[in-house]
Colleague: 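I'd like to ask you about the structure that follows.
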Amino acid sequence: MRYLPLTEADRRAMLAKIGVPSIDSLYRDVPERVRLKQPVDLPPHQGEIEVERAILGMARKNLGTGRAPSFLGAGAYRHHVPASVDHLIQRGEFLTSYTPYQPEVSQGTLQALFEFQTQVALITGMEVANASMYDGATACAEAVMMAGRVTRRTRAVLSGGLHPHYRAVTATHARFLGFELDLAEPDPDGAEDLAARIDANTSCVVVQNPGFFGHVRDWTKLGEAARAAGALLIVVVTEPVSLGLVASPGEMGADIVAAEGQGIGNALSFGGPYVGLFATREKYVRQMPGRLAGETVDAYGRRGWVLTLSTREQHIRREKATSNICTNSGLCALAFTIHLALLGEAGFTRLAELNHAKAVQLAERIAAIGKAEIVSDSFFNEFALRLPKPAAEVVEALAERGILGGVPVSRFYPDKPELATLLLVTATETNSDDDMARLAAALREIL
Amino acid sequence: MRYLPLTEADRRAMLAKIGVPSIDSLYRDVPERVRLKQPVDLPPHQGEIEVERAILGMARKNLGTGRAPSFLGAGAYRHHVPASVDHLIQRGEFLTSYTPYQPEVSQGTLQALFEFQTQVALITGMEVANASMYDGATACAEAVMMAGRVTRRTRAVLSGGLHPHYRAVTATHARFLGFELDLAEPDPDGAEDLAARIDANTSCVVVQNPGFFGHVRDWTKLGEAARAAGALLIVVVTEPVSLGLVASPGEMGADIVAAEGQGIGNALSFGGPYVGLFATREKYVRQMPGRLAGETVDAYGRRGWVLTLSTREQHIRREKATSNICTNSGLCALAFTIHLALLGEAGFTRLAELNHAKAVQLAERIAAIGKAEIVSDSFFNEFALRLPKPAAEVVEALAERGILGGVPVSRFYPDKPELATLLLVTATETNSDDDMARLAAALREIL
Amino acid sequence: MERDPVTGTFTGNRGLQIEEKLIFEQGEAGRTGVDLPAPPKVKDRLGGARRKGAIGLPGLSEPQVVRHFTRLSQKNYAIDLGLYPLGSCTMKHNPRLNEKLARAEGLGDLHPMQPESTIQGALELIDTLAHWLKALTGMPAVAMSPAAGAHGELCGVMAIRAALEDRGEKRVRILVPESAHGTNPATAAACGYAVDPIPANDRGRVDLAAFKAKLGSDVAGIMITNPNTCGLFEDEILEIADAIHAAGGYFYADGANFNAIVGRVRPGDLGVDCMHINLHKTFSTPHGGGGPGSGPVVLSEALAPFAPLPYVVHGKDGLRLIEHDHDSAATGKAFGRLKGFHGQMGMFIRALAYMMSHGSDGLRQAAGDAVLNANYLMASLKDELTPAFEGPCMHEALFDDRFLKDTGITTLDFAKAMIDEGFHPMTMYFPLVVHGALLMEPTETESKDGLDQFIDTVKALARRAKAGEAAAFRDAPKLTPRRRLDETGAARKPVLRWRPSAPQGRAAE
Amino acid sequence: MERDPVTGTFTGNRGLQIEEKLIFEQGEAGRTGVDLPAPPKVKDRLGGARRKGAIGLPGLSEPQVVRHFTRLSQKNYAIDLGLYPLGSCTMKHNPRLNEKLARAEGLGDLHPMQPESTIQGALELIDTLAHWLKALTGMPAVAMSPAAGAHGELCGVMAIRAALEDRGEKRVRILVPESAHGTNPATAAACGYAVDPIPANDRGRVDLAAFKAKLGSDVAGIMITNPNTCGLFEDEILEIADAIHAAGGYFYADGANFNAIVGRVRPGDLGVDCMHINLHKTFSTPHGGGGPGSGPVVLSEALAPFAPLPYVVHGKDGLRLIEHDHDSAATGKAFGRLKGFHGQMGMFIRALAYMMSHGSDGLRQAAGDAVLNANYLMASLKDELTPAFEGPCMHEALFDDRFLKDTGITTLDFAKAMIDEGFHPMTMYFPLVVHGALLMEPTETESKDGLDQFIDTVKALARRAKAGEAAAFRDAPKLTPRRRLDETGAARKPVLRWRPSAPQGRAAE
Ligand SMILES: Cc1ncc(COP(=O)(O)O)c(C=O)c1O
Ligand SMILES: Cc1ncc(COP(=O)(O)O)c(C=O)c1O
């Protein structure tokens, strides 16, 4: 058993020191009748060769985006992650360390978190950001709960352009915390009027940019309307790369930004682990959920970093904490930070431009087929298509051709027949011209 | 250009400090007419995405042993390398450091080399080992040259069971250094009488164990004969895993061991980089080629390591050096050391047992077909088969079925028709029962 | 250039310990560490919402970025470097095989919204892991999507509340022992419950009488950590379970300490209704400096129908992922959704690889060794330190600060001195039921040699403390990249991000 | 436990700097870090040559091994940690992309003896790299198999000798400048030649007159490093080439310093007959603490036919690997074989990825930046240090030790003080033609910021040296895992391996 350093001789010597005859006798506080006498009925230990064979066997039953032209988005985006990112996050000092509670021997993680917080604040255009949440959807729910604390109101308005999972997660919390949600209908055309929904008990309006159906909006006016009514504007971003090209939530007057950071630095990994970004105004920082790294000095006066403002957190404040979150997405945040450090201003904006240009090219190619309508009046790297057939069928037909062609909206809204023909299609820097040509050719056949 | 930190502004500032107008002007000592005015006619810079696409495109044109049941050996062996080995050797502190010339900041590499030397000495049964050579073949040639220095004789006897590449490399050096080689004929039956070839000018007899054609021998008697004649016994090992089960060269009285270390810790990688192991008796250490790490103490009296006995080496001794080697196989040696540290006595001997058992099972399966004769009267994990057809054809037919079935001896000895039907077949711990069943079934069809 | 008064060097570096500025202090406009082709020229379709100003990100080349983060990494302690006995955190060895497999083609590169026909292997993997978790806990169902322990707690308590509501009951209180981890009360509150604390008895367990006195028809359930945060098995657990059930409430188990009993005790046999499992503790997925984790929640028959979406079921054409409660294969009672997509797949792969590697026998042995290591620490240190409670412990050994009485040295000071010795300190001041707590969890992946060195060192430090060398402790650590940091100052005037003009302390360079 | 007098700690550790014993001192019988299935029972076919005794390898678990090597690694300096200005070694950034690609399925897992039909991509890769090398050097052929620079030297000099023998000539001398790297004379000797040294002129170049005076019909060739080891371009190189050719000899170029001129000067245009290229220098394959490397040798028309086996040719059904000189596609003149199998494929992949990443434009820029960085060092340090020669340098800046005159401080002392500052020292005492040489090669992957810090530090140290603080230098380094080590003692009574009873110094633990 390769992970266990104790030898039989060690065990004997240690038991002797303890003064008990066996390991079993250390379990004497466990009621006799619930002590298992045998190992559980599961396979016995195996070596690397066998474990690898079994798990790669499962992997081979999947069609990964590494082997197929892939145009999927809907909140998870395939971007090229530079090899050095994955190398660095696997360094044992990052990978196998705990939350940096002992700052003297955690300056590496702490400084990286401080850089992460700064990067998130910069790209979202906000004043402060925390050290990460689980993912974009949970960050969104936390944002709505925070707006409730800040405004002491209990009703939140959620855009129809908000990702359905974000809506669902927020709704789950609303159910148990007892706040009210005004859920606008799914809004493929981006025509909803959210300002009209704000009332005196509204804590916040939550919009997504670019929206779930692709369109890009300037939410400044809505923010003004919200503020005039004493409510907060929460802007959700599911594709962080868009922030290299699209005006930032901060520029639009957002009070809180809840975003999915996966698109920078992190693999698709079938949906997790991802990294929630959370940013807000300085004045709200004590209502913020999650960890924060802050600057300070050491006993010699040298600059250093610590976790700070932890009186907001569960380990200090317990039932009065701003959130119950403990473990967050540290290593994903690190991957984000390294990737964005590599990109820098020039790389990040170019990456965003490239994504947009690829998507425009793809939209043009598909439009040229003449069978599908581009629903999104504007978009970043993802747009909604209206197809002459149910989108789910088209996606299956594409998969048979080895193409991962997009995400059918019906996957999220199976109960809305009017959305059944909508397909979300994404292009990123990873899509070659050849990929796009293959998709277009296949669509020509299928539609 | 992602690897270049200088900005245009930096360049301008630096040129100003130097006092020249341009980088080109720093090349003023290059005769004008040979200065290229344009970049060379090759493609311009590309990003990771494009480079990865191009190189993986080439990779996909190959059939790797990761995707095909594979039974190849002949001096390069596919073993399972634990994931932690490859992780650790990629740590920047190992990967991106130079030869440990500054011991105060190279104790990591130095201690690992000291451990490597000890491991090599232990498994070969020798007194001392060096810090690695390029590969087994060059180690063999160096061993023969060393034997010449030790004995001051100029004639070496090379077994017909010695790997043909090792013979060829040694012959190349012999040609240019002007020593004589007595090359025994290829010896599939392991019946050669090498003692008879030793004469008064013989510096050494070189044998391989297990031999190129698979058989395992106890070379003690030959060693005695050599020593009686004032010659050295050099034992070559091309499959280091065999040393977990087969008696060591040291036990047989070898004076020098030259071995290929790839089988422990290192990928097949189409033949390189590999790692030459080189071990000998303490009394010959000053005639040894290659680097050596040695134990010492620091200014505080704490144990530490340094490179030592470098008066044997080119950077000190120049034309009088024992070898011209400088860069060796440091990182491959580290991989070897980590893998062998993981294995330990119990794991290493079990690995060897497992290899042998798999090979015996495979031999039995193939023998059961009744069409191929097992030529090797004894073997470790590789044996020679005599087929009813040219082995190269059989290998091609197997490759068409997606099986990498073995190495035809004709690949090494195309000019020896009597060897054309010989096939070398290897089984290791990586071959599943299913792999072996597939090979047997395919052979049944083809033969 | 002046010599740094602390280090005596001009650079402020100390040999291999190299100071490192923020990336923002190293950036240059126009420089980048990523080469991308020029975007094809297209007509922009951004609808006018193009970013106007610069973002302010620093430009670094790849070599600078690699060096920056390599240097930073070396300022961290880690399991890969040494003993990390953080009680309650289960800092065990993280196998690299698992990292490799999580990145395999066909796993790491799967998009969560691919059609089902292209992800059968992924669903099989989730289903296999679910099977292991159910078998090891003796529970009939498991919700896989929670992202960490605390998220699993939400899942469990929400399931409890959904079940109660399904029964038409509105209960308002959750009982939580005072020794509980902070996430327990925080979770109860986040689910709309009032937290009612239960005291510990003098044996470090739930005070059974006090607990029973709190029971009532408004009690939704109890959250118990077992083994508890004092490292002790709740020996009256069966009575507790019976009592809460008799009162119509549910039994939430915090499974953070499952490592002590895996393969030896099945929570299902203890009457548990739901329990989160921190895959990043018991099943060794790396902590990563704070996350990510994964917190699947096993559920009893009573709670299973309320499991959140999505989940995997066996359909007639293969495995299916149920994402909607109105799906014909759904229970129709799911309490909702907790997370985007389907859970922490990357962690599932690692955890399954770990479980398969250990196997049923190995997991049982691992638990036993974890308990053995902790008891060995306890037995070896009990004369020099002051154990908080009598008797054998489970996987962690808890001490209080009586041994430091009158020394003028606090638990914190003691911990900082351990840092200079090359050890990560234990968990301090937790659980709250013990004064100046020192909670040591060595885990099963520490060797006896390593423990012996730790034991000798802690004993030597304790002797030194008792010998009155308080100043040395209050000064510690002295040999780390930074000495004690001013946490009060940090909180008083928070600097949470870099700004071009931000105050820089005494700049590190 | 006693406190260590050096560190003040009981463990001898210093915070994150952790002492580590040998694996042999940690092993326990029966323990292993690799799980393997029990071998099937078979009748042994070893022919009686089974090992009898135990080997003596230590048994460690995986966690121990990972920790051991992680700790060891932290005792190393590396490019990933900081400036590594080792002259002649070209310690530049090693991209991780290249590591990833070298391990890709279909490359890392290829067996060298697979049938040609299954390795067309591998041959294409070798052929593509060969094309780049030929284009960049302006040479018609390249031998790919040499394993490193020195191995390439063997290849080149053997080709020269084979060509001469083919001409029926037996020449016995090779001319080698005194500034040459040690491998040059060692190689010449290993090929059976006498080494005839040529002095340097006062401009640090080959003394043309002295060289010409040595020419004769027994001279096989000259080995010239260009740019030379003084970091200077041999400005009379064309005359030298003409002269050696006129004398019937060949021009071997040591390409270790190719990084200075790649994309800017083609060795083929200089009259070179053969030149090795250290892929691990110019083309950034990692040095790995000493290797592996790769040393392809470009060859002129005159030498090409003598290239060693194997090599790749374009056949009618695809690419072919020629392994035998009697192959119909072979030259029939190959001088032999230098290595098992076909060369350092793993390094080829990395080097090609590097070249493609930089491209033609990027390689040219990289060379220019390397030269710029060196000249910036030179310009910035020339007043405080003493440059060995006048005028601009190429990719490395050479100083002598005149600036330390009368300080009682040697080049070595100065270097050791740099270590405390967090820098790897430059190459010292090489080339031999300069007294107390300090040879600094920053490479193009250092930022101006990083260079400025280095410059300021070196200047500050030089001032401190001149101020008479000799003791501080002789004491350095003080902040490293070990202080100066007793090299004399090590060589006098060599301890080259661990033995159970070996003397342990003052044990580190
Ligand atoms: C006892 C206990 N419960 C719950 C948690 C919370 O788990 P997580 O950090 O995974 O959210 C922890 C984590 O430290 C814990 O120790
Ligand atoms: C000038 C010069 N020539 C030759 C060599 C030998 O190259 P290698 O170490 O690759 O064998 C070196 C290596 O340092 C060198 O600097």
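Chain identifiers are assigned alphabetically (A, B, ...) following the order of the sequence lines, protein sequences preceding nucleic acid strands; residue numbering begins at 1 within each chain. All values below come from the heavy atoms of this structure, side chains included, with hydrogens, waters and symmetry mates left out.
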Colleague: Look at the aromatic rings of D:His151 and B:Tyr134 and report parallel, tilted or perpendicular, splitting at 30° and 60°.
Modeller: tilted
Colleague: Return the CE to CZ distance between D:Met158 and B:Phe176, rounded to the nearest 0.5 Å.
Modeller: 5.5 Å
Colleague: Which bit of D:Ile55 is near chain B, if near means a heavy-atom gap under 4.5 Å: side chain, backbone, both or neither?
Modeller: both
Colleague: Check each atom of B:Arg60 against the heavy atoms of chain D and say whether the ones under 4.5 Å are side chain, backbone, both or neither.
Modeller: neither
Colleague: Quick one: does any side-chain atom of B:Glu115 pair with a main-chain N or O of D:Ile23 as donor and acceptor, under 3.5 Å?
Modeller: yes
Colleague: Tell me, side chain or backbone of B:Leu15 under 4.5 Å from chain D's heavy atoms, or both, or neither?
Modeller: both
Colleague: Side chain from CB out, backbone as N, CA, C, O: work out which of these in D:Leu372 comes under 4.5 Å of a heavy atom of chain B, or both, or neither.
Modeller: both
Colleague: Please walk me through it: do D:Val495 and B:Arg303 pass side chain to side chain contact (heavy atoms under 4.5 Å, CB included)?
Modeller: CA-CA 12 Å; D:Val495 179; B:Arg303 181 172 67 172; over 6 Å; no
Colleague: Report which part of B:Tyr166 has an atom under 4.5 Å of a heavy atom belonging to chain D: side chain, backbone, both, or neither.
Modeller: neither
Colleague: How about D:Val34 and B:Leu351: do any of their side-chain heavy atoms sit closer than 4.5 Å?
Modeller: no
Colleague: Specify the closest pair of heavy atoms between B:Ala137 and D:Lys339, including all atoms of both residues, with the distance to one decimal.
Modeller: CB-C, 4.3 Å
Colleague: Can you tell me how far apart CG (D:Asp369) and CG (B:Leu6) are? Round to the nearest 0.5 Å.
Modeller: 4.5 Å
Colleague: Can you say whether D:Pro477 sits under 4.5 Å from chain B via the side chain, the backbone, both, or neither, judging by heavy atoms?
Modeller: side chain
Colleague: Relative to chain B, which of D:Asp269, D:Leu107, D:Leu86 shows the most heavy atom pairs under 4.5 Å?
Modeller: D:Leu107
Colleague: Given that the side chain runs from C-beta out, which part of D:His111 has a heavy atom under 4.5 Å from chain B: side chain, backbone, both or neither?
Modeller: both
Colleague: For the residue pair B:Pro5 and D:Glu444, what are the closest heavy atoms and their distance?
Modeller: CD-O, 3.3 Å
Colleague: With no hydrogens and no angle check, do the side chains of B:Arg91 and D:Ser73 hold a donor and an acceptor under 3.5 Å apart?
Modeller: yes
Colleague: My understanding is that only one of B:Arg2, B:Glu48, B:His45, B:Gln46 makes a side-chain hydrogen bond (donor to acceptor under 3.5 Å, both in side chains) with D:Ser357; could you say which?
Modeller: B:Arg2
Colleague: Of all heavy-atom pairs between D:Pro40 and B:Leu354, which one has the smallest distance, and what is that distance?
Modeller: CD-CD1, 3.9 Å
Colleague: Rounded to the nearest 0.5 Å, how far apart are CZ of D:Phe69 and CD1 of B:Ile338?
Modeller: 5.0 Å
Colleague: For the side chain of B:Thr296 and the backbone of D:Glu487, is there at least one donor-acceptor N/O pair under 3.5 Å apart?
Modeller: no
Colleague: Looking at chain B, which one of D:Val65, D:Leu270, D:Asp44, D:Asp235 has the largest number of heavy-atom pairs inside 4.5 Å, strictly under?
Modeller: D:Val65
Colleague: Is a salt bridge present between D:Arg484 and B:Asp298, judged by a nitrogen-to-oxygen distance below 4.0 Å?
Modeller: no
Colleague: To the nearest 0.5 Å, tell me how far B:Thr109 OG1 sits from D:His287 NE2.
Modeller: 13.0 Å
Colleague: In terms of heavy-atom proximity below 4.5 Å to chain B, should D:Met91 be classed as side chain, backbone, both, or neither?
Modeller: side chain
Colleague: With a 4.5 angstrom heavy-atom cut-off, is it the side chain or the backbone of B:Asn328 that approaches chain D, or both, or neither?
Modeller: both
Colleague: Given heavy-atom pairs under 4.5 angstrom as the criterion, report whether the side chain, backbone, both or neither of B:Ala171 touches chain D.
Modeller: neither
Colleague: Given a strict heavy-atom distance threshold of 4.5 Å, which part of D:Ser294 is in contact with chain B: side chain, backbone, both, or neither?
Modeller: neither
Colleague: To the nearest 0.5 angstrom, please state how far the NZ atom of B:Lys61 sits from the CD atom of D:Glu124.
Modeller: 3.5 Å
Colleague: For B:Tyr98, does its backbone N or O pair with a side-chain atom of D:Tyr84 as donor and acceptor, under 3.5 Å?
Modeller: yes
Colleague: Establish, from distance only, whether the side-chain atoms of B:Asn324 and D:Thr183 form a donor-acceptor pair under 3.5 Å.
Modeller: no
Colleague: Between B:Pro103, B:Ala267, B:Gly244, which shows the greatest number of heavy-atom pairs under 4.5 Å with chain D?
Modeller: B:Pro103
Colleague: Regarding B:His165 and D:Arg337, is there a side-chain donor-to-acceptor distance under 3.5 Å anywhere?
Modeller: yes
Colleague: Quick one: what part of D:Glu105 sits under 4.5 Å from any heavy atom of chain B, side chain, backbone, both or neither?
Modeller: both
Colleague: Measuring heavy-atom distances to chain B, does D:Pro425 have an atom under 4.5 Å in its side chain, in its backbone, in both, or in neither?
Modeller: side chain
Colleague: Side-chain donor-acceptor pair under 3.5 Å between D:Asn94 and B:Thr96, yes or no?
Modeller: no
Colleague: Please classify the contact of D:Pro308 with chain B as side chain, backbone, both or neither, using a heavy-atom distance under 4.5 Å.
Modeller: neither
Colleague: Keeping the roles fixed (side chain from D:Thr32, backbone from B:Leu343), state whether a donor-acceptor pair exists under 3.5 Å.
Modeller: yes
Colleague: Let's test your reading of the structure: which of D:Gly362, D:Gly359, D:Gly289 forms the most heavy-atom pairs below 4.5 Å with chain B?
Modeller: D:Gly289
Colleague: Look at the side chain of B:Glu319 and the backbone N and O of D:Pro185, then say whether any donor-acceptor pair between them is shorter than 3.5 Å.
Modeller: no
Colleague: Do the side chain of B:Glu345 and the main chain of D:Gly56 share a donor and acceptor less than 3.5 angstrom apart?
Modeller: yes
Colleague: Rounded to the nearest 0.5 Å, how far apart are CD1 of D:Ile79 and CD of B:Glu93?
Modeller: 12.0 Å
Colleague: Would you mind checking which part of B:Met1 comes under 4.5 Å of any heavy atom in chain D, side chain (CB onward), backbone (N, CA, C, O), both or neither?
Modeller: side chain
Colleague: Checking D:Ala415 against chain B: side chain, backbone, both or neither under 4.5 Å from a heavy atom?
Modeller: neither
Colleague: Tell me whether B:Glu104 is salt-bridged to D:Lys75, with the criterion being a basic N under 4.0 Å from an acidic carboxylate O.
Modeller: no
Colleague: Given that the side chain runs from C-beta out, which part of D:Phe24 has a heavy atom under 4.5 Å from chain B: side chain, backbone, both or neither?
Modeller: side chain
Colleague: For the residue pair B:Tyr3 and D:His93, categorise the inter-ring angle as parallel (less than 30°), tilted (30 to 60°) or perpendicular (more than 60°).
Modeller: tilted
Colleague: Please determine, among D:Ile349, D:Leu125, D:Ile237, D:Leu81, the option with the most heavy-atom pairs under 4.5 Å with chain B.
Modeller: D:Leu125
Colleague: Give a yes or no on whether the backbone of B:Gln107 and the side-chain of D:Arg482 come within a donor-acceptor separation of less than 3.5 Å.
Modeller: no
Colleague: Which atom names give the shortest non-hydrogen contact between D:Val6 and B:Arg302, and what distance separates them?
Modeller: CG1-NH1, 3.6 Å
Colleague: Non-hydrogen atoms of chain B under 4.5 Å away: do they reach the side chain of D:Leu36, the backbone, both or neither?
Modeller: both
Colleague: Got more than 12 heavy atoms from elsewhere within 6.0 Å of CG, B:Asp41?
Modeller: no
Colleague: Where the side chain of D:Arg45 meets the backbone of B:Phe380, is there a donor-acceptor pair that is under 3.5 Å apart?
Modeller: no
Colleague: For D:Lys416, is it the side chain, the backbone, both or neither that has a heavy atom under 4.5 Å from a heavy atom of chain B?
Modeller: side chain
Colleague: Among D:Ala188, D:Gly149, D:Ser380, which residue has the highest count of heavy-atom pairs closer than 4.5 Å to chain B?
Modeller: D:Ser380
Colleague: For D:Tyr376, is it the side chain, the backbone, both or neither that has a heavy atom under 4.5 Å from a heavy atom of chain B?
Modeller: both
Colleague: Using side chain to side chain contact (heavy atoms under 4.5 Å, CB included), reason through B:Val40 and D:Ser360 one step at a time and then give a plain yes or no.
Modeller: CA-CA 6 Å; B:Val40 175; D:Ser360 178; 4.1 Å; yes
Colleague: Would you find a donor on one side and an acceptor on the other, under 3.5 Å apart, between the side chain of D:Arg483 and the backbone of B:Tyr300?
Modeller: no
